[in-house]
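Working notes for the structure below.
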Amino acid sequence: MQYRQLGHTGLKVSALSLGASSLGGVFHEIDESKASEVVVAALDGGINLIDVSPYYGHYRAERVLGRALRQIPRDRYFLSTKVGRYGEKGVNTWDYSGRRAKESVCESMERLGVDYIDLIHVHDIEFQASLPGGLQKVVDETLPALAELKAEGLVGHVGITDLQLSNLKWIVENSPEGLVETVLNFCHYCLCDDSLADNIDYFERHDVGLINASPLSMGLLSERGVPAWHPAPQPLVEACRRAAAHCKQRGYPIERLALQFAVSNPRIPTTLFSSANPDNVRRNLQFISEPIDWQLVDEVKKIIGDQQRVTWANT
């Protein structure tokens, strides 16, 4: 496993990290009894960053992860969670107020069974863009509240997450220097969309560490194909399906190529994937330990063709 500095946080994180959204049953029903095995497989394989959110499974992921972490020494992992996006009984809710952010961190620590969060993110800021106060509320309220928790020693570092790179950059540009320490962006450094690469210089100039997420682009880059809820436009879905079939014909699963590509850029410190299956965790760790077939990368990108960098709205 390679380890890379996460911006100026001082955290040296594994090139591949574990996202715990699957532990909340976000994508399909799970066997919670395997959660501990998932976490142990990740840590034993060299992963040292685990990311979660109260939104995943509407608090379920944090509770399941918390139970899995009980027997694991706290110094074996860095823990990341989020504020701002929530939900109850299948209904999404958002609250980016400073008061709710502080409450949320304390609630997350209780569910996770820890007294310290290494990294706290404001979750999916684009939703606040359409709420009263717009993105400015994140700058004026959410981030300062989290900075207060950092000063109190409850959290180590503060960041933001979003699908839209433009929103992330807006917050960085309009916040006091150093307030945003990390950004988590998904589906923008993968085989079908590598636009995050165009923004690395920008984030490095602002001393912001990068976290890449969803190397399979939420299932686009998989033999199983996209779930019914996937928001990608149909031409992109079809292009990725052809690319997956091509990789299968070559005897090289597109999941393997996608994972290898996602961790290949040393300027992107870490890439998050999620699974509730310990065998998948071990498989992905094996994938990234193997050399990548760059010729196949070129072939896949040609197949995807004019659908490269086609994106969609967050849901």
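Of the candidates K150, H206, H8, E181 forms a side-chain hydrogen bond (donor to acceptor under 3.5 Å, both in side chains) with just one, namely K150. Results of the side-chain hydrogen bond (donor to acceptor under 3.5 Å, both in side chains) test with E62 over R67, K82, R111 single out R111 as the only residue that passes.
Closest approach of D306 and V310 over heavy atoms only: O-CG2, 4.0 Å. Considering all non-hydrogen atoms of both residues, A68 and V39 come closest at CB-CG2, 3.9 Å. A pairwise comparison of heavy atoms in V138 and P144 identifies O-CD, 4.0 Å as the closest pair. Shown here for A197 and Y189, the closest heavy-atom pair between the two residues is CB-CE1, 3.9 Å. Closest non-hydrogen pair, Y86 versus Y55, comes out as O-CD1, 3.2 Å. For the residue pair P215 and A258, the shortest heavy atom distance occurs at O-CB, 3.6 Å.
The environment of Q71 atom CD is sparse: at most 12 non-hydrogen atoms of other residues, nucleotides or ligands sit within 6.0 angstrom. The neighbour count for Q249 CD, taken as heavy atoms of other residues, nucleotides or ligands under 6.0 Å away, does not exceed 12. Counting non-hydrogen atoms of neighbouring residues, nucleotides and ligands closer than 6.0 angstrom, the CG atom of D298 exceeds 12 such neighbours.
Between L210 and P269, the closest side-chain pair of non-hydrogen atoms falls below 4.5 Å. Here the side chains of V122 and Q128 are not in contact, with every heavy-atom distance at 4.5 Å or above. Residues N185 and N199 form no side-chain contact, since every pair of their non-hydrogen atoms from C-beta on lies 4.5 Å or further apart. Residues D198 and R309 form a side-chain contact, since some pair of their non-hydrogen atoms from C-beta on lies under 4.5 Å apart. In this structure the side chain of Y56 never reaches within 4.5 angstrom of the side chain of V64, judged on heavy atoms. Put simply, the side chain of S217 reaches to within 4.5 Å of the side chain of C187, judged on heavy atoms. Between M1 and N48, every side-chain heavy-atom pair lies at or beyond the 4.5 Å cut-off. Between I125 and T161, every side-chain heavy-atom pair lies at or beyond the 4.5 Å cut-off.
Between E107 and R100, at least one side-chain N (NZ, or NE/NH1/NH2) sits under 4.0 Å from a carboxylate O, which counts as a salt bridge. A salt bridge does not link K169 with D162: none of the charged nitrogens is closer than 4.0 Å to a carboxylate oxygen. Ionic pairing of D44 and R76 is present here: one or more N-O contacts between side-chain nitrogen and carboxylate oxygen are shorter than 4.0 angstrom.
In the hydrophobic cluster analysis, where Ile, Leu, Val, Met, Phe, Trp and Tyr join through side-chain heavy atoms closer than 4.5 angstrom, L11 is grouped apart from I117. Hydrophobic cluster membership differs between L23 and L184, with clusters built from Ile, Leu, Val, Met, Phe, Trp and Tyr side chains linked at under 4.5 angstrom. Cluster annotation: I120 and Y116 are assigned to distinct hydrophobic clusters (Ile/Leu/Val/Met/Phe/Trp/Tyr, side-chain heavy-atom contacts under 4.5 Å, transitive). Residues V13 and Y77 do not share a hydrophobic cluster, clusters being chains of Ile/Leu/Val/Met/Phe/Trp/Tyr side chains in contact below 4.5 Å. Hydrophobic clustering, with ILVMFWY side chains joined whenever heavy atoms are under 4.5 angstrom apart, keeps V40 apart from L49.
The closest donor-acceptor contact from the side chain of E110 to the backbone of V105 lies at 3.5 Å or more, if one exists at all. No donor-acceptor pair closer than 3.5 Å links the side chain of S104 to the backbone N or O of A101. Side chain of T271 to main chain of A262: a donor-acceptor pair is present (N/O by atom type, distance under 3.5 Å, no hydrogens or angles). Between the side chain of Q260 and the main chain of I288, no donor-acceptor pair closer than 3.5 Å is present. A donor-acceptor pair is defined here as one N or O able to donate and one able to accept, closer than 3.5 Å; such a pair exists between the side chain of S274 and the backbone of S22. In this structure, the side chain of E255 does not engage the main chain of L216 through any donor-acceptor pair within 3.5 Å. Not one N or O on the side chain of N167 forms a donor-acceptor pair closer than 3.5 Å with the backbone of L163. Proximity of a side-chain donor or acceptor of D118 to a complementary backbone N or O of G156 within less than 3.5 Å is not detected.
Under the salt bridge (Lys or Arg N to Asp or Glu O under 4.0 Å) criterion, the residue pairs touching residues 260-270 are D201-R267, E204-R267, with sequence neighbours excluded.
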Using distance only, find each side-chain donor-acceptor pair of residues 239-248 under 3.5 Å and give its atom names and separation, not counting sequence neighbours.
residue	atom	partner	partner atom	Å
R241	NH1	E238	OE1	3.0
R241	NH1	E238	OE2	2.5
H246	NE2	E299	OE1	2.8

Please set out all donor-acceptor pairs under 3.5 angstrom arising from side-chain atoms of residues 170-180, sequence neighbours excluded.
residue	atom	partner	partner atom	Å
E173	OE2	Y202	OH	3.3
N174	ND2	W170	O	2.7
S175	OG	I171	O	2.6

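Between the CD1 atom in I50 and the CZ atom in F78 there is a gap of 11.5 Å [rounded to 0.5 Å]. Summarising the geometry, atom CH2 belonging to W94 is positioned 9.5 Å from atom CG belonging to D124; distances are rounded to the nearest 0.5 Å. Atoms CG and NZ, from D194 and K301 in turn, are 4.0 Å apart once rounded to the nearest 0.5 Å. How far CD1 of I268 is from CG of L6: 12.0 Å, rounded to the nearest 0.5 Å. Note that OG1 of T182 and NE2 of H121 are 3.0 Å apart. Values are rounded to the nearest 0.5 Å. Put simply, OG on S17 and CZ on F273 are 9.0 Å apart, with the number rounded to the nearest 0.5 Å.
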Candidate pair R4 and T270, rule side chain to side chain contact (heavy atoms under 4.5 Å, CB included), full reasoning
CA-CA 7 Å; R4 300 163 181 166; T270 191; over 6 Å; no
So L65 and L79, side chain to side chain contact (heavy atoms under 4.5 Å, CB included) or not? Walk me through it.
CA-CA 11 Å; L65 178 60; L79 187 59; 4.0 Å; yes
Could you walk me through whether K137 and L131 pass side chain to side chain contact (heavy atoms under 4.5 Å, CB included), step by step?
CA-CA 9 Å; K137 183 170 184 175; L131 294 172; over 6 Å; no
Applying side chain to side chain contact (heavy atoms under 4.5 Å, CB included), run through L135 and Y96 and close with a yes or a no.
CA-CA 10 Å; L135 288 178; Y96 294 87; over 6 Å; no
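Cation-pi check for R256 over Y252 is met; the charged atom lies under 6.0 angstrom from the ring centroid and within 45 degrees of its normal.
One side chain, H123 or S53, offers a donor N or O that lies under 3.5 Å from an acceptor on the other. Looking at D95 and S97, their side chains do bring a donor and an acceptor atom within 3.5 Å of each other.
In this pair, H230 and W312 present their aromatic rings perpendicular. The plane angle is above 60°, beyond the 30 to 60° band.
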